[in-house]
Protein chains: 4
Amino acid sequence: MSHIRGRFQKAADNLVAEYTASIPFDWRLYKQDIGGSIAHAKMLAKKGIISEEEAVIISQGLESIREEIEQGKFQFKSEQEDIHMAIEARLMEKVGEVGGKLHTARSRNDQVALDLRLWTKEAIAETLVRLREFQHALISLAEANKSVIMPGYTHLQPAQPVLLAHHLLAYFEMLQRDIDRFNDCSKRVDVMPLGSGALAGAAYNIDREFLARELGFGQISQNSIDAVSDRDFVVEYEAAASLGMMHLSRLAEEIILWSSAEFNFIELDEAYATGSSIMPQKKNPDVAELVRGKTGRIYGRLMALLTTMKALPLAYNRDMQEDKEGLFDTVDTLLSTLEVFTGMVATLKVKAENTERAVKQGYILATDLADYLVKKGEAFRTAHEVVGRLVSYAMKKGKSFSELSLAEYKEFSPLFGEDVYSITVESSLAARDITGGTAPREVARALAAAKKISSNRF
Amino acid sequence: MSHIRGRFQKAADNLVAEYTASIPFDWRLYKQDIGGSIAHAKMLAKKGIISEEEAVIISQGLESIREEIEQGKFQFKSEQEDIHMAIEARLMEKVGEVGGKLHTARSRNDQVALDLRLWTKEAIAETLVRLREFQHALISLAEANKSVIMPGYTHLQPAQPVLLAHHLLAYFEMLQRDIDRFNDCSKRVDVMPLGSGALAGAAYNIDREFLARELGFGQISQNSIDAVSDRDFVVEYEAAASLGMMHLSRLAEEIILWSSAEFNFIELDEAYATGSSIMPQKKNPDVAELVRGKTGRIYGRLMALLTTMKALPLAYNRDMQEDKEGLFDTVDTLLSTLEVFTGMVATLKVKAENTERAVKQGYILATDLADYLVKKGEAFRTAHEVVGRLVSYAMKKGKSFSELSLAEYKEFSPLFGEDVYSITVESSLAARDITGGTAPREVARALAAAKKISSNRF
Amino acid sequence: MSHIRGRFQKAADNLVAEYTASIPFDWRLYKQDIGGSIAHAKMLAKKGIISEEEAVIISQGLESIREEIEQGKFQFKSEQEDIHMAIEARLMEKVGEVGGKLHTARSRNDQVALDLRLWTKEAIAETLVRLREFQHALISLAEANKSVIMPGYTHLQPAQPVLLAHHLLAYFEMLQRDIDRFNDCSKRVDVMPLGSGALAGAAYNIDREFLARELGFGQISQNSIDAVSDRDFVVEYEAAASLGMMHLSRLAEEIILWSSAEFNFIELDEAYATGSSIMPQKKNPDVAELVRGKTGRIYGRLMALLTTMKALPLAYNRDMQEDKEGLFDTVDTLLSTLEVFTGMVATLKVKAENTERAVKQGYILATDLADYLVKKGEAFRTAHEVVGRLVSYAMKKGKSFSELSLAEYKEFSPLFGEDVYSITVESSLAARDITGGTAPREVARALAAAKKISSNRF
Amino acid sequence: MSHIRGRFQKAADNLVAEYTASIPFDWRLYKQDIGGSIAHAKMLAKKGIISEEEAVIISQGLESIREEIEQGKFQFKSEQEDIHMAIEARLMEKVGEVGGKLHTARSRNDQVALDLRLWTKEAIAETLVRLREFQHALISLAEANKSVIMPGYTHLQPAQPVLLAHHLLAYFEMLQRDIDRFNDCSKRVDVMPLGSGALAGAAYNIDREFLARELGFGQISQNSIDAVSDRDFVVEYEAAASLGMMHLSRLAEEIILWSSAEFNFIELDEAYATGSSIMPQKKNPDVAELVRGKTGRIYGRLMALLTTMKALPLAYNRDMQEDKEGLFDTVDTLLSTLEVFTGMVATLKVKAENTERAVKQGYILATDLADYLVKKGEAFRTAHEVVGRLVSYAMKKGKSFSELSLAEYKEFSPLFGEDVYSITVESSLAARDITGGTAPREVARALAAAKKISSNRF
């Protein structure tokens, strides 16, 4: 064994350093880390723990490090475990011993929690903007196609006529719930953890409320052990993102279907479709496919963190370092997906002639015929059976509803009268004039309401 | 092939009926279904769509069916696809033709959405009660052990002394976030979908606001297609349950550790531990292990529904029938876990002598020594290095901090004075007198606050 | 707290018993448990640990219990923790004290491992049969539609003509890999764990090889701690089932697409589709939708067990009790899905006129035109560009390939000759006469090979 | 809307290119891509589809590109969608028009499938090596501590004494199953897909068997549609990796427990533990924690791809591009985890005095006492009850088994004799002398067998 041990001891330093390092990904927290440290230095000075001069030196040092990083001049070294150590080490180089005072009354555990919360707050703000933009694109597309009629589907079978705008507003509602969820999540992110120390609380008379104000937090954490152990807010972002991607995957699926030769309901803008050199006629909906595919990726990230956090004893454990890559990737993926999908929706063209032809095939007005009988006094279940037999008859005869004679109608129910011929796709739509229904008047109202909602601040 | 086809056609009816039936699990919605139908009948009468007499007959019929079910007299038949059809069919048997009018202006799609929302609302209400009870058990245990000191751990290594009550309050905070999340979720459940029809909206002049009031909903849905396609609220319950189980799995892990012969911090009440006939001394923490194990189950249910909903085109698809079993199992598991875990926490005994012995081993006050030097003027990083060398020295000598002479201390820093001996576990705790810290005064305040919060209504 | 404690102690017995009981689901292991116990008794007698007479009494007692269970006469009581205790307790009732000797040299830990392995072996055997039957249905459908041509899709866009039989054989290949995987899994299930005791091995001179032979196992486990801690075989079944369901979900998706009014490629047998009373023309592909939906369920079960097993210290922990419900549900779901899906495939009718009409739309032969030029000496990339320009031209002119004049062709490349008009859907198919290609001759060969493979024993 | 549309069209090119590009990750396939292309060129020449000279020019061009990449001179441009296009474009720059012939009889779909299979084959080979090395480290540690006794645990409670070597060999068995699974997976990777074209098969008389031989594949794919749609092998690698990580997470958990102050069974080598500047006595098991944490990451990747592949219609869809990042990360994580964990195991020191002290506490020999009575003729269940009462008595008296007098023993059963005092930890171990048991002789045999197995080639 000594041989093996020897071999490993030699190589271990590098191997382990590489395996445990977080700087390859947590460098993205540099802005939050520096902002948090400047606020911390200010607070230490305010409370007399360090002098005002020391606070100024530290803050200026930190700001110059921020510049170095943003100008690409900062040396990230792999032997620096994480961004926090990297910045502190550089600070010591720049300002000397006094830099060693910055970490007073602070621990890496509460510092990491702070940085990640600041980062997530910004991510949520950006996510909300992108969700809103997506809503705007849906509204624009709906408005531009206000009177387009298409089949409403259940089981991917045409069921009843609906307005395309009504269909698009279904997604508006989903996105609105996503906005609500990210807003709810942001309440739980908006908690300032600094002062929790390694786990037991700082042993200094610090001003946590001041820190919260400086850093723009609405609350301070109420239990130091929880504050350094808690990654709920990351899980919650990922859960909200999973629901959001689920919604987008449904629209992506529809866009793929609608782009098919068989549906042929829409045409994607060239920028959002991929052709091939040999088949210029093909417009592959690659973007929609990738949106659909990336849904799995986001679900996987959620599952990963839930699994990682399962059964961890308090307080901090190194397992929790796995939170960041998943969150960063989730945010990157969701934001870029929303951006590209918004563009795709904003630029697609609806082929109204095709959606309307699709509506006219089949017996899509069967429900309306039953409602007609109900309104003439038939019981609902009976009316349904009557229409069922009528449709079977019409299919056998190869006739559409409008091609049936009144005599034929009356064979099935004496309640049928001449006015049966006034049942049309348009009358079907108009009849659903109820909050949430597809009647043109109601959809116009809903569109106006959606515009109003989506022009609100969050 | 005709042979195969023949074979299958014969068997298919039963096979398919069994495969597609939801009544083996959705019978649990009977109360919601009947309540929803009675409200619907009332509304139909109010709007003159059916007569008052018809509404009374229907309502009485439905109420007698509810009694039949609750008295175990109702015949659930496998050929009835689902609970909605089973109840309607029975209604027709009982009240005849008029029963066929109940379904006017309604579709199974909005009816299912309604029933599931009603059920989930009740599930959330019950979940909130159980979460509160769990918080009460945590508070009681903390109060009963107000002055018990234990090691606070990071990386499962003793790091700093903390009060057990402080540790328990970390879980109070987690549970409080769970309560917040379920409350947030309930806002999105509290939406009345009836009137959405199959997908396009009801073609009758119905009163959706009346239905919402009758059924205790705060809002009505705004888009019929979304209303029948939306299962966000189920996913959201399952996501909140996953986070809740994650929290419980962490405490379960700690209870298992603390029950081990090596930690020996607590003793479980016999009712919550399993012995073996041969090893009566063993108290296996089976309940805690099952809680930890069932965490996977709940995560799996969340992943299942997210996957099922991925890329489903609008509106209703039969895939969505998979929502119920997962939700029911999630709710059952979470509620029973909370109940049994509350009892386990409420009855466990803390072995304070052992937690306190554990605190006294090692150099758990090293951080306090460093803070001592910082307060005497040393820079934080330097103070840490000094104490690091001091600990190494003490380890080599086999001495505890209190066994080192002042001369020995002064070898490491001239700042050490006689008052270094006043650094104790108690002084360490007391020093963390900051919001969220482990100082006894602060923990008492936090306990009082927790009691107040947990006595609030939701 | 005494109040709370009192309240909980009273209720705890029932609560905990219910929470921890596995008999509501592990009763399904009764056959395996009894079979294992009979073999164990035989072995004990063979080794002189109990007498032959005792073994006979025990075995007869066990067999009569099996009968009781199978005739529905056995009293399952909730206070019996699990099926193993229930059977042993009943045995003691039946045969008295001697029943207490059965558990010699055995522990519940190795007994549970044995029973679950026996059950899983049978489940795999049944799964293999159902996978084979599904393959047969695919082959039958392919044979019955041997010459049906359809568009092959990429990105759900028609790309090249293929034979439907070729498309169906793609699923044959997937299923064949599923069969291979379940076979591989069965090697790791086929390991006899009895003799491992609670975890350290039995302290008796027992004959494990005899037990293996009696119970039909190929190997005995090699480490007692591993043998009672290992649930790999359950995870592996669930992983193989997840891949299998993924395959089925892809075909389910296609069946749903093909059943749509827009594709209209197939007609489902009535037994496998759901109509509505009012829309008899609609054939909703509910079965296919449920297959697609249940895919999430199976994935969730896999994720659940992986999560449950994560980070469990050796050896047995009660968390592992969560293995069974997930496995049982996975097996039930996969088997019933395969059965019902086999029937659906076996009975569906292909609308060849529609698949062939779909092939003829568009410029699906563009690749063939490029290959034509390559074969005349053009470089591949150049040929593609030429055809790309040609297609653009044809689209603008609204002409199909066959409607272009030779002069028009020659505008794009002098290599075009009269023989360009012999490029047809049929020639396109025939050209792909390579192992795995869609040429009719090759597909006939592949069909014959598939028939041969699927007639093999596993 | 024109405003929105305008805004998006401008930005879309970059956005979409970035969103859809795979070159940021699939550059890792360059070696496989070039190797595959050289074999393809050779085959084209062999079949006379291109000339020998052309093949030589193409191959030399490709080899010089490989050098450019490996020397860091290759310009990866973001506008090149993927590595395949990047290499082909560079080839055209280098060798001109003739480079355009390389893609004859090939499509990007079968090319990607080929490259990913080649990459996965290498990944499996490397994985197997690392698994073996881990086995070697386990064996070395076991041999170096051959006679160390520790408590065997169930429910994290001491249950029976075991040899540490026996415990470690439990992991050897798990790893052996992992090796078997990766080997099984490799059979399904070892299938050459080239010749499948875009989906329908190549329309050229190519030699697929030659390609398989050149590229080291054992089989060729049998269905072109399946060949370009299949990612089973990626899922299967990820499923096997998930099981492997699950095993490692269990040992990681144990290492964390054993490193705790309370267990104190082992000491990690400094290279594999993290101290803190202030607490040099602390050795945080960060590596083990990260292994445990990264288990979630791998599970998440599995779930992601399963979700992505769910319900995808045949054949290629762009969703499938999501396969690579997950696979690459899974392989990177598993390989680095195995490497660093092997080193950690190889260098850890066992504190035998502590594991042995732990064995001696409590009544860990209770089972042995019961076995003693059984061997004297008592029925198993009765023996257990007797010992149960005896242990209760001893606990009350505060005596260990060896401190009880024979008279006291005889109070509980007349079968106890003087030889009861020969029951020791050592006799307990020795009694388990059965295949898979913890008796020293058996463990020595098992160790020898493990060494033999792990010296085999795969």
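Because the structure is a prediction, the values reported are computed rather than measured. Here is how names work: the chains are called A, B, and so on, in the same order as the sequence lines, proteins then strands, and each is numbered from 1.
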Legend entry - Beyond-backbone contact of D:E173 with C:D230, side-chain heavy atoms, under 4.5 angstrom: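 No. Closest side-chain heavy atoms not under 4.5 Å.
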Name the member of [options] that forms the most heavy-atom pairs with chain D at distances under 4.5 Å.
{"options": "C:T154, C:L312, C:T104, C:V162", "answer": "C:L312"}
{"options": "C:A430, C:G437, C:A449, C:A170", "answer": "C:A170"}
{"options": "C:H167, C:E253, C:R432", "answer": "C:R432"}
{"options": "C:D232, C:L102, C:L163", "answer": "C:D232"}
{"options": "C:K101, C:R292, C:M309, C:Q176", "answer": "C:M309"}
{"options": "C:H247, C:E209, C:M245", "answer": "C:H247"}

Side chains of residues 196-206 of chain D: which donor-acceptor partners sit under 3.5 Å, not counting sequence neighbours?
unit_1: D:S196; atom_1: OG; unit_2: D:P193; atom_2: O; d: 2.7
unit_1: D:Y204; atom_1: OH; unit_2: C:D371; atom_2: OD1; d: 2.7

Inset, instruction - Check the pair D:R381, C:E97 against side-chain contact (heavy atoms from CB on, under 4.5 Å), reporting the backbone distance first and the verdict last. - result: CA-CA 9 Å; D:R381 284 291 171 208; C:E97 275 277 303; over 6 Å; no
So, [X] side chain and [Y] main chain: donor-acceptor pair closer than 3.5 Å or not?
{"X": "D:E254", "Y": "C:L314", "answer": "yes"}
{"X": "C:R188", "Y": "D:R177", "answer": "no"}
{"X": "C:N223", "Y": "D:H166", "answer": "yes"}
{"X": "D:S224", "Y": "C:G436", "answer": "yes"}

Options [options], ranked by heavy-atom pairs under 4.5 Å with chain C, top entry:
{"options": "D:R318, D:R106, D:E236", "answer": "D:E236"}
{"options": "D:R208, D:M174, D:K187, D:Q157", "answer": "D:R208"}
{"options": "D:L302, D:T295, D:I50, D:L169", "answer": "D:L169"}
{"options": "D:T438, D:N317, D:V291, D:L306", "answer": "D:L306"}
{"options": "D:A159, D:S229, D:P161", "answer": "D:S229"}
{"options": "D:S428, D:A315, D:A446", "answer": "D:A315"}

Inset, instruction - Can you tell which part of D:R231 gets under 4.5 Å to a heavy atom of chain C, answering side chain, backbone, both or neither? - result: neither
Legend entry - Residue D:S107 versus chain C: region with a heavy atom under 4.5 Å: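 Neither part; nothing is under 4.5 Å.
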Inset, instruction - Give the minimum heavy-atom separation between D:P313 and C:L257, together with the two atoms involved. - result: CB-CD1, 4.3 Å
Legend entry - Smallest separation among heavy atoms of D:S249 and C:A311, with atom names: OG-N, 2.8 Å
Any chance you could measure [X], atom [atom1], to [Y], atom [atom2], to the nearest 0.5 Å?
{"X": "D:M192", "Y": "C:T435", "atom1": "CE", "atom2": "OG1", "answer": "9.5 Å"}
{"X": "D:E442", "Y": "C:Q222", "atom1": "CD", "atom2": "CD", "answer": "7.5 Å"}
{"X": "C:I225", "Y": "D:Y171", "atom1": "CD1", "atom2": "OH", "answer": "9.5 Å"}

Inset, instruction - Sequence neighbours left out, what passes salt bridge (charged side-chain N to carboxylate O under 4.0 Å, His left out) with C:K294? Give chain and number order. - result: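 Testing C:K294 for salt bridge (charged side-chain N to carboxylate O under 4.0 Å, His left out), a comparison that skips the adjacent residues, returns B:E322.
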Non-hydrogen atoms of chain D under 4.5 Å away: do they reach the side chain of [X], the backbone, both or neither?
{"X": "C:I434", "answer": "side chain"}
{"X": "C:D319", "answer": "neither"}
{"X": "C:E88", "answer": "side chain"}

